[in-house]
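Worksheet for the structure shown next.
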Amino acid sequence: MVKTIWIGDVQAGKYDDQEVELKGWIKRERGSNKMRFIVLRDSTGNIQCVVKKDALGEELFQEVKNVLIETSVIITGVVNADERADGGHELIATAFEIIGPVNPERPFPINKESLEAEDEDGEIMPGGSEFLLDNRHLYLRTSRMTSMLKLRSSAFGAIHNYFRNEDFIEYQAPNFVTGAVEGGSTLFEVPYFGRTAYLTQSWQLYAEAAMPALERLYTIAPSFRAEKSRTRRHLTEFWHAEMEMAWATNDEIMIHGEGVVRHVARTMLEEQEQELVSLDRDLDLIARYADSPYPRMRYDEAVEILQGKGVDVEWGQDLDYSKEKILTQDFDVPHFLTHYPKIAKPFYHRVDPDEDKYVLCHDLLAPEGYGEIIGGGERTWSEEEILARIDEEGTPREPYQFYIDTRSYGGVPHGGFGLGVDRVVSWLAGATHIREVIPFPRTSRRVTP
RNA sequence: GCCGAUUUAGCUUAGCUGGUGGAGCGUGGGACUGUUAAUCCCAAGGUCGAGGGUUCGAACCCCUCAAUCGGCGCCA
């Protein structure tokens, strides 16, 4: 039963003139009543199979003629290099077996027309129509979505490799929590045996608890935010790669932020060049993201640049997406923004001991309008300081008691960051929307299928 | 939380100032021995998102509701 021959390898020329057995799904079907051309799809590619009536006999040929798109089949035949076939190879069929048929009363609903549906501005958002989102379980089989899922896999693998090579320990935090990391209004409430729990927004508080044990730790896990954001960059459930590191400064943490993103870009180029090309992605661009250093800019400098462009922005404001976009449109690689005003950031960000109106933090902004992909920095680590900042913000102490307690036993300077994995994949893949890079996107208006 | 838009066959859509809803794809039937999401002929398939109103008459005008999409704020 195990499949040993892959269409990608056949198209690469590994089986020329040999008889092979190909397992897959029918992507396209056409021809006459004497010969049929079946385009067979598997996870590695497509190949045209030539089915002649003379070779198969009347009865079997009728079956082939009536076969519908997405029927699963096993086709045996001889591989023939032929430039008339897409990809340069075709299979001259000698046997044909249907494994899973398709009911003609409910044929595969996704066709060319549904894939090219336009919005009111005449723009195609791939997979963005109500119909395709409702049929997401079938949309996964399209070539664009398959490419996205392969890129996603490479990104996850690259993140694990990067941190493990840098001697980080993988560590898991709970998903049911009682305290917020970001603003409290974006928590998902979960009934919890008569109490209220929340889905986690970040592993950070629990990672900091393990920092004195492991010193360098990381995770890739889902985070949940009940933001009603209707944008191309937001999911309510997204995959969060986070790291925490003892004895590290903001600058030293940024080295790893830059390192992991560049490693993801490099890995995609090495593992998924074909998929990037099929998505019309410029490989030189990805190579630049992999090879170039990422410049660092202080918040104050960014505000000056924006003011120089006539943007209405005052010192102390957090930079929203519209301002990020103006700032990053001149960038050809990601840029770090550091030293935000204290008033724009929550209590766990460490105040800059040199100038107490700033915090020692950083955001990494991706170019091409993709926005923020990393947020991180040094943490407030002394007990007195964290209590002072919690009270200053008016945040209740009670849900954070365990977190405060960790500061009472040998606190050390430390910090970390969170990286939006889906956002990184979306940016590197050149996706039109973040939902293009996750199989079943969860947004404020959609939890199905 | 705010703003904008959409909803007509399984899908994509046309439908003018209100007067019996057309097409392409797909499906079913037929033709075709090298097709490139083939081509040609035929057929079936619609309470026009739901409810109410105006009118002799509503897919079209008005109201309410629903679902979805796009954008803003916030963030990864």
Side-chain angles (χ1 to χ4, degrees), chain A residues 27-39 46 48-55 61 66 68-69 80 82-87 90 92 102-121 123-125 128-135 142-143 181-183 185-186 201-202 204 222-242 257 318-325 344-346 363-366 370-376 417-427 432-435 443-446 448:
Chain A
K27 186 184 174 71
R28 211 77 58 206
E29 194 273 335
R30 55 181 170 260
S32 68
N33 61 6
K34 298 276 172 50
M35 68 188 297
R36 311 296 298 175
F37 298 95
I38 305 280
V39 179
N46 304 324
Q48 170 167 291
C49 303
V50 183
V51 182
K52 294 182 179 174
K53 194 181 193 172
D54 299 344
F61 187 80
N66 293 332
L68 293 175
I69 286 174
N80 179 34
D82 191 322
E83 49 184 43
R84 287 176 298 184
D86 215 8
E90 61 184 16
I92 309 298
V102 171
N103 180 352
E105 284 173 20
R106 296 193 307 112
F108 193 67
I110 295 176
N111 57 21
K112 187 184 182 183
E113 282 66 34
S114 62
L115 292 174
E116 290 178 352
E118 296 174 355
D119 64 15
E120 64 267 24
D121 301 323
E123 193 186 349
I124 296 176
M125 297 270 274
S129 68
E130 185 176 358
F131 171 75
L132 291 177
L133 290 167
D134 285 343
N135 286 281
T142 62
S143 57
V181 177
E182 306 294 340
S185 64
T186 64
Q201 298 171 312
S202 165
Q204 182 192 322
S223 284
F224 306 89
R225 296 191 185 170
E227 292 156 351
K228 289 182 180 168
S229 315
R230 300 185 50 75
T231 78
R232 301 179 183 205
R233 321 176 291 292
H234 282 87
L235 295 165
T236 53
E237 176 181 354
F238 67 96
W239 285 80
H240 212 169
E242 300 183 82
D318 211 347
L319 301 179
D320 61 43
Y321 178 68
S322 63
K323 297 180 183 72
E324 272 181 11
K325 201 169 178 180
K345 295 286 178 182
D363 284 357
L364 183 62
L365 306 182
Y370 285 90
E372 187 177 339
I373 52 176
I374 280 180
F417 64 77
L419 173 149
V421 183
D422 319 274
R423 282 193 182 174
V424 169
V425 178
S426 180
W427 159 55
T432 59
H433 194 294
I434 196 166
R435 68 174 164 235
T443 57
S444 59
R445 297 253 181 113
R446 186 174 281 280
T448 55

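Lettering follows sequence order; numbering is per chain, from 1.
Distance from the side chain of A:H433 is smallest for B:G70 among the nucleotides B:G10, B:C75, B:G70. For A:P104, counting side-chain heavy atoms from C-beta on, the closest listed nucleotide (B:G10, B:C69, B:G28) is B:G28. Counting only heavy atoms from C-beta on, A:K228 has its side chain closest to B:G1 among B:A76, B:G1, B:C25. Which of B:U35, B:C69, B:C75 sits closest to the side chain of A:Q48 comes down to B:U35. Out of B:A76, B:U35, B:C69, the shortest distance to the side chain of A:R84 is found at B:U35. The side chain of A:S114 lies closest to B:C11 when the candidates are B:C11, B:A76, B:G73. Checking B:A76, B:G1, B:C74 against every side-chain atom of A:T231, the shortest atom distance belongs to B:C74. Nearest nucleotide to the side chain of A:L133, out of B:G71, B:U36, B:C69: B:C69. For A:D54, the side-chain atoms get nearest to B:U33 when compared with the rest of B:C69, B:G34, B:U33. For A:P107, counting side-chain heavy atoms from C-beta on, the closest listed nucleotide (B:G10, B:U36, B:G26) is B:G26.
In this structure, the side chains of A:K325 and A:Y321 come closer than 4.5 Å at one or more pairs of heavy atoms.
As a whole-Å value, the separation of A:D86 CG from B:A38 C1' is 14 Å. Rounding to whole angstrom units, CD1 of residue A:I374 and P of B:A76 are separated by 11 Å. Between the NZ atom of A:K52 and the P atom of B:C32 there is a distance of 18 Å, rounded to whole Å. Between the CG atom of A:L364 and the P atom of B:C75 there is a distance of 16 Å, given to the nearest Å. Distance A:N66 CG to B:G26 P: 15 Å, rounded to the nearest Å. Atom pair A:I38:CD1 and B:A37:C1' shows a separation of 14 Å (rounding to whole Å applied). Straight-line distance from the CZ atom of A:R233 to the C1' atom of B:G70: 13 Å, rounded to whole Å. Between A:D320 atom CG and B:C75 atom P the separation is 9 Å, expressed in whole Å.
Residue A:K112 places none of its side-chain N or O atoms closer than 4.0 Å to OP1 or OP2 of B:A37. The side chain of A:R30 contributes no N or O atom lying less than 4.0 Å from OP1 or OP2 of B:C40. Neither OP1 nor OP2 of B:A76 sits under 4.0 Å from any side-chain N or O of A:R423. Remark: A:N111 is not in phosphate contact with B:A37, judged by side-chain N or O atoms under 4.0 Å from OP1 or OP2.
Within 4.0 Å (heavy atoms only), A:I373 reaches sugar-phosphate atoms of the nucleic acid but no base atom. Heavy atoms of A:G418 sit under 4.0 angstrom from primed sugar atoms or phosphate atoms, though from no base atom. Using a 4.0 Å heavy-atom distance criterion, A:S223 is classed as making no nucleic acid contact.
Considering every non-hydrogen atom in both A:S129 and A:S114, the closest pair reads OG-O, 4.4 Å.
Checked by distance alone, A:E130 brings no side-chain donor or acceptor within 3.5 Å of a matching partner on the base of B:U7. The base of B:C74 lies outside donor-acceptor range of the side chain of A:T186, with no N or O pair under 3.5 Å. Scanning atom types as modelled, no donor and acceptor separated by under 3.5 angstrom connect the side chain of A:R230 and the base of B:C2. Remark: the A:R28 side chain and the B:A37 base include a donor-acceptor N/O pair separated by less than 3.5 Å. Counting distance only, with no hydrogens placed and no angle test, the side-chain atoms of A:E113 and the base atoms of B:G10 include no donor-acceptor pair under 3.5 Å.
One finds no salt bridge joining A:K323 and A:D318 here, because no Lys/Arg side-chain nitrogen approaches an Asp/Glu carboxylate oxygen to under 4.0 Å. Using a 4.0 Å cut-off between charged side-chain N and carboxylate O, A:K52 and A:D54 make no salt bridge.
Mapping A:E237 and A:K323 onto RNA chain B via the closest heavy atom, the residue that lands nearer the 5' end is A:K323. Nearer the 5' end of RNA chain B, as judged by each residue's closest nucleotide, is the contact made by A:F131, out of A:F37 and A:F131.
Around CG of A:D134, the count of heavy atoms belonging to other residues, nucleotides or ligands within 6.0 Å exceeds 12.
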Run the side chain to side chain contact (heavy atoms under 4.5 Å, CB included) check on A:I69 and A:V102 step by step: do they pass? CA-CA 8 Å; A:I69 286 174; A:V102 171; over 6 Å; no
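An aromatic stacking contact between A:Y321 and the base of B:G73 is absent, as defined here by ring centres under 5.5 Å apart and ring planes under 30° from parallel.
Partner of A:S202 under the side-chain hydrogen bond (donor to acceptor under 3.5 Å, both in side chains) criterion, chosen from A:E242, A:H240, A:R225: A:E242.
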